[in-house]
Amino acid sequence: MSSQGQSKAMARLAHAIHKIVGSCRETGHLSSRAMDEKLPIGQRLRLRMHLAMCAFCRRNARQLELIRQFLRHQAAVDEQPEPGLSDQARQRIQSRLSGDMS
Amino acid sequence: MTRPELSDPGGWVARHGDYLFRFAMKRVRDEAVAEDVVQETFLAALKARDRFAGQSTERTWLTGILKNKIIDHFRRSGREVSFEVDDRTGAGEDNYVPSGPESGNWAPDKRPADWQLNPGDRAEQQEFWEYLNRCLDSLDHKYSLVFVLREIEEMVTEEICNVLDVTSTNLRVILYRARKQLRACLESHWLEKRKGR
């Protein structure tokens with residue numbers, strides 16, 4: 001097969017695969033949606049198949065999940081290095097509270 | 001077992017102020033707003049202290065009140081923002097090849113890089129956290145409101161639609177774009193800096 005014929009055949013193959021498992025663009029949207037809702041079975045399968053064969057989309061989905069896990073973990077723990085109330089705010093709140101107590 | 005009782009309210013700020021402030025900051029992401037919701041929390045708790053049933057600790061009880069104050073803040077902020085998104089421009093679609101045989105594939109310069117974040121490395125985690133915060137603060141306000149409620153508050157989409165008065169279609173688009181921007185921001189700032197070392 002000539003190289004031109006080869007690249008045409010490759011393009012046709014890629015097109016056929018996209019028809020089954022969706023494009024990376026579609027997968028990007030589905031990856032995001034799947035984080036918020038349960039996808040219908042057909043879309044779930046397309047997403048899973050695409051991710052199984054596309055390293056970039058797999059990375060994208062993993063990184064979005066990593067960001068989520070990181071944020072949720074940080075929101076759940078109370079880390080000392082994060083600054084607390086400023087002295088000013090502390091005094092202001094304290095005197096408001098004391099005012100309401102009396 | 002004795003039921004937990006409330007301590008003297010005069011000592012609340014010293015005992016729980018920093019904790020509640022940090023809790024609020026991670027969600028409202030603004031110092032003045034965080035101070036306000038913490039103050040509102042103490043004042044509301046003072047009024048409601050007769051109703052404290054002793055079913056949780058004092059701090060958990062205060063945190064519960066704070067959570068409601070934070071949601072109220074989001075509800076108010078939601079009213080000041082338009083969540084309309086333009087679907088036609090295809091904004092947010094620039095990660096992919098627009099046409100031709102490669103149409104819909106990742107554009108070569110947009111392909112996600114391998115982050116290789118080491119889960120055991122504390123310093124690396126801290127740095128990632130700093131960049132994540134900066135990137136989150138760089139998001140458009142309407143994006144960050146939605147994103148925080150979904151990813152940090154772990155609200156389901158119906159609740160977010162209700163609190164922010166946004167349609168589920170727009171919510172979906174906003175979440176997609178917020179995630180995409182955040183990922184790209186981390187890649188171009190955090191990852192670039194790490195590579196530069």
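What you see is a predicted model; the values in this text were computed from it and never measured. Proteins come first, then strands; the chains are lettered A, B, ... in the order of their sequence lines, and each starts at number 1.
For the residue pair A:Ala75 and B:Lys26, the shortest heavy atom distance occurs at CA-CD, 3.9 Å. Between A:Asn60 and B:Pro112, the closest heavy-atom pair is CB-CG, 4.0 Å. Between A:Leu85 and B:Val13, the shortest heavy-atom distance links the atoms CD1-CG1, 4.4 Å. Contact between B:Gln39 and A:Ile93 at its shortest, heavy atoms only, is OE1-CG1, 3.5 Å. Here the closest heavy-atom approach between residue A:Leu71 and residue B:Glu151 is recorded as CD1-CB, 4.3 Å.
The hydrophobic clustering, which links ILVMFWY residues whose side-chain heavy atoms are closer than 4.5 Å, places B:Leu145 and B:Leu132 together. A continuous path of Ile, Leu, Val, Met, Phe, Trp and Tyr side chains, each step under 4.5 Å between heavy atoms, connects B:Leu6 with B:Leu66, placing both in one hydrophobic cluster. Hydrophobic clustering (ILVMFWY, side-chain heavy atoms < 4.5 Å, transitive): B:Phe147 and B:Tyr131 are in one cluster. Linking Ile, Leu, Val, Met, Phe, Trp and Tyr whenever their side-chain heavy atoms come within less than 4.5 Å puts A:Leu13 and A:Val21 in one cluster. Neither A:Met35 nor B:Tyr176 shares a network with the other; the hydrophobic side chains, linked directly or stepwise wherever heavy atoms of I, L, V, M, F, W or Y lie under 4.5 Å apart, form separate groups for each.
A:Arg62 CZ: 12 or fewer foreign heavy atoms inside a 6.0 Å radius. Atom CG of B:Asp165 has 12 or fewer neighbouring heavy atoms from other residues, nucleotides or ligands inside a 6.0 Å radius. Within a 6.0 Å radius of CD in B:Glu80, other residues, nucleotides and ligands contribute more than 12 heavy atoms. Within a 6.0 Å sphere centred on CD of B:Gln181, heavy atoms belonging to other residues, nucleotides or ligands number more than 12.
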The test is side chain to side chain contact (heavy atoms under 4.5 Å, CB included); show your working for B:Tyr96 and A:Thr27 and say whether it passes. CA-CA 11 Å; B:Tyr96 307 102; A:Thr27 303; over 6 Å; no
Run the numbers on A:Arg68 and B:Arg179 for side chain to side chain contact (heavy atoms under 4.5 Å, CB included), then give the verdict. CA-CA 9 Å; A:Arg68 161 176 283 182; B:Arg179 288 179 177 130; 3.5 Å; yes
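Looking at B:Leu175, the atoms closer than 4.5 Å to chain A (heavy atoms on both sides) sit in the backbone and in the side chain alike. Neither the backbone nor the side chain of B:Glu102 comes within contact range of chain A; no heavy atom of the residue lies under 4.5 Å from a heavy atom of that chain. Of the two parts of B:Leu136, only the side chain, counted from C-beta on, holds a non-hydrogen atom closer than 4.5 Å to a non-hydrogen atom of chain A. At a 4.5 Å heavy-atom cutoff, B:Glu153 makes no contact with chain A through either its backbone or its side chain. The part of A:Glu37 that comes within reach of chain B is its side chain, from C-beta onward, which places non-hydrogen atoms under 4.5 angstrom from that chain. Heavy atoms closer than 4.5 Å to chain A are found in the side chain of B:Leu117, but not in its backbone. For A:Met10, no part lies under 4.5 angstrom from a heavy atom of chain B.
A salt bridge is absent between B:Arg22 and A:Glu82: the closest approach of a Lys/Arg side-chain nitrogen to an acidic carboxylate oxygen does not fall below 4.0 angstrom. Using a cutoff of 4.0 Å between basic side-chain nitrogens and carboxylate oxygens, B:Lys47 and A:Asp100 are not scored as salt-bridged. Salt bridge B:Arg172/A:Asp36: absent, no basic N to carboxylate O contact under 4.0 Å.
The candidate from B:Leu43, B:Leu171, B:Leu186, B:Val148 with the greatest count of non-hydrogen atom pairs under 4.5 Å with chain A is B:Leu43. In terms of non-hydrogen atom pairs under 4.5 Å with chain B, the most contact-rich of A:Gly22, A:Ala89, A:Cys57 is A:Cys57. Counting heavy-atom pairs closer than 4.5 Å to chain A, the top residue among B:Phe23, B:Phe21, B:Tyr19, B:Trp129 is B:Trp129. Your options are A:Gln74, A:Arg96, A:Met101, and the one with the most heavy-atom pairs under 4.5 Å with chain B is A:Gln74. Among B:Val156, B:Val38, B:Asp114, the residue making the largest number of heavy-atom pairs under 4.5 Å with chain A is B:Asp114. Your options are A:Ser23, A:Gly28, A:Ser32, and the one with the most heavy-atom pairs under 4.5 Å with chain B is A:Ser32. The most heavy-atom pairs under 4.5 Å with chain B, out of A:Gln63, A:Gln69, A:Gln94, A:His73, come from A:Gln63.
Interatomic distance, B:Leu182 CG to A:Ile67 CD1, rounded to the nearest 0.5 Å: 4.5 Å. The distance from the CH2 atom of B:Trp106 to the CZ atom of A:Arg25 is 11.0 Å, given to the nearest 0.5 Å. Annotation: the span from B:Gln125 atom CD to A:Phe70 atom CZ amounts to 4.5 Å, rounded to 0.5 Å. Atom CZ of B:Arg111 sits about 9.0 Å away from atom SG of A:Cys24, to the nearest 0.5 Å.
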